[in-house]
Amino acid sequence: MSKYARKLEKIENGNWFMKSATLMGIAVLGLIVFGALSALGDAAGISFLETMASGVSMFLFTGYVIANLVIYTVAGLWGYILHLFKEAFLLPWKFTPVIMLAWMFFVFQLGIGAMLMGVVQVIVMFCPALVVHMARNYYQSRGVIA
């Protein structure tokens with residue numbers, strides 16, 4: 001069994017797509033609810049409610065980041081995430097075909113690569129379900145039939 005087949009099997013057997021989508025949904029819902037509580041506390045002049053909602057939101061966000069780290073570690077996605085960063089920064093014309101000639105302009109390549117690394121960072125941070133889905137497709141395209 002190839003290394004890609006093992007990684008794909010790990011993702012599929014752990015049902016990491018659903019777990020990451022659930023994590024993302026819970027975090028978004030929690031941040032919306034506590035954001036609304038904070039706004040309500042601000043509008044009603046209840047400083048305790050506003051402070052409590054802000055504190056819980058920060059705690060929820062920290063838990064979300066830690067849970068993302070756990071998901072990426074247990075699912076074995078760090079290699080794929082590093083692959084995304086490498087392609088975004090070093091090979092932006094492979095990452096986005098629109099800028100195929102970016103290699104001719106070193107400064108543009110660095111700027112575009114840094115921007116794409118930022119995009120990858122945002123995706124990794126805020127959309128774990130998309131990362132799991134992209135990793136699954138990447139491993140399948142490497143010759144694994146699942």
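All values below come from the heavy atoms of this structure, side chains included, with hydrogens, waters and symmetry mates left out. Along the sequence shown, the residues carry numbers beginning at 1.
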Show me the donor-acceptor pairs within less than 3.5 Å that the side chains of residues 113-133 make with the rest of the protein, sequence neighbours left out.
residue : atom : partner : partner atom : Å
His133  : ND1  : Arg136  : NH2          : 3.3
His133  : NE2  : Asn137  : ND2          : 3.1

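- No single ILVMFWY cluster, assembled from side-chain heavy atoms under 4.5 Å apart, contains both Val33 and Val28.
- The shortest distance between side-chain heavy atoms of Tyr64 and Leu60 does not fall below 4.5 Å.
- Using modelled atom types, one side-chain atom of Thr22 and one backbone atom of Met18 make a donor-acceptor pair closer than 3.5 Å.
- Between Phe59 and Thr62 the shortest side-chain heavy-atom distance does not fall below 4.5 Å.
- Interatomic distance, CD of Glu12 versus CD of Gln140, reported as 6.5 Å (0.5 Å rounding).
- With rounding to the nearest 0.5 Å, the separation of CG in Leu82 from CG in Leu77 is 11.0 Å.
- Interatomic distance, Leu37 CG to Ile32 CD1, rounded to the nearest 0.5 Å: 12.5 Å.
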Legend entry - Tyr80/Lys7 under side chain to side chain contact (heavy atoms under 4.5 Å, CB included): CA gap, chis, key distance, verdict: CA-CA 10 Å; Tyr80 177 69; Lys7 290 180 181 206; over 6 Å; no
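- Ser57 approaches Phe34 most closely through the heavy-atom pair OG-CB, 3.2 Å.
- Under the 4.5 Å side-chain criterion, counting only non-hydrogen atoms from C-beta, Ile11 is not in contact with Phe17.
- Taking CD1 of Ile66 as the reference point, atom CZ of Phe61 lies at 10.5 Å (rounded to 0.5 Å).
- Interatomic distance, Leu31 CG to Ser38 OG, rounded to the nearest 0.5 Å: 11.5 Å.
- Put simply, CH2 on Trp78 and CG on Leu69 are 5.0 Å apart, with the number rounded to the nearest 0.5 Å.
- Follow the hydrophobic side-chain contacts under 4.5 Å out from Met24 and you never reach Ile26; the two are in separate clusters.
- Both Leu40 and Met52 sit in one connected hydrophobic cluster of ILVMFWY residues. Membership requires side-chain heavy atoms under 4.5 Å apart, directly or through other members.
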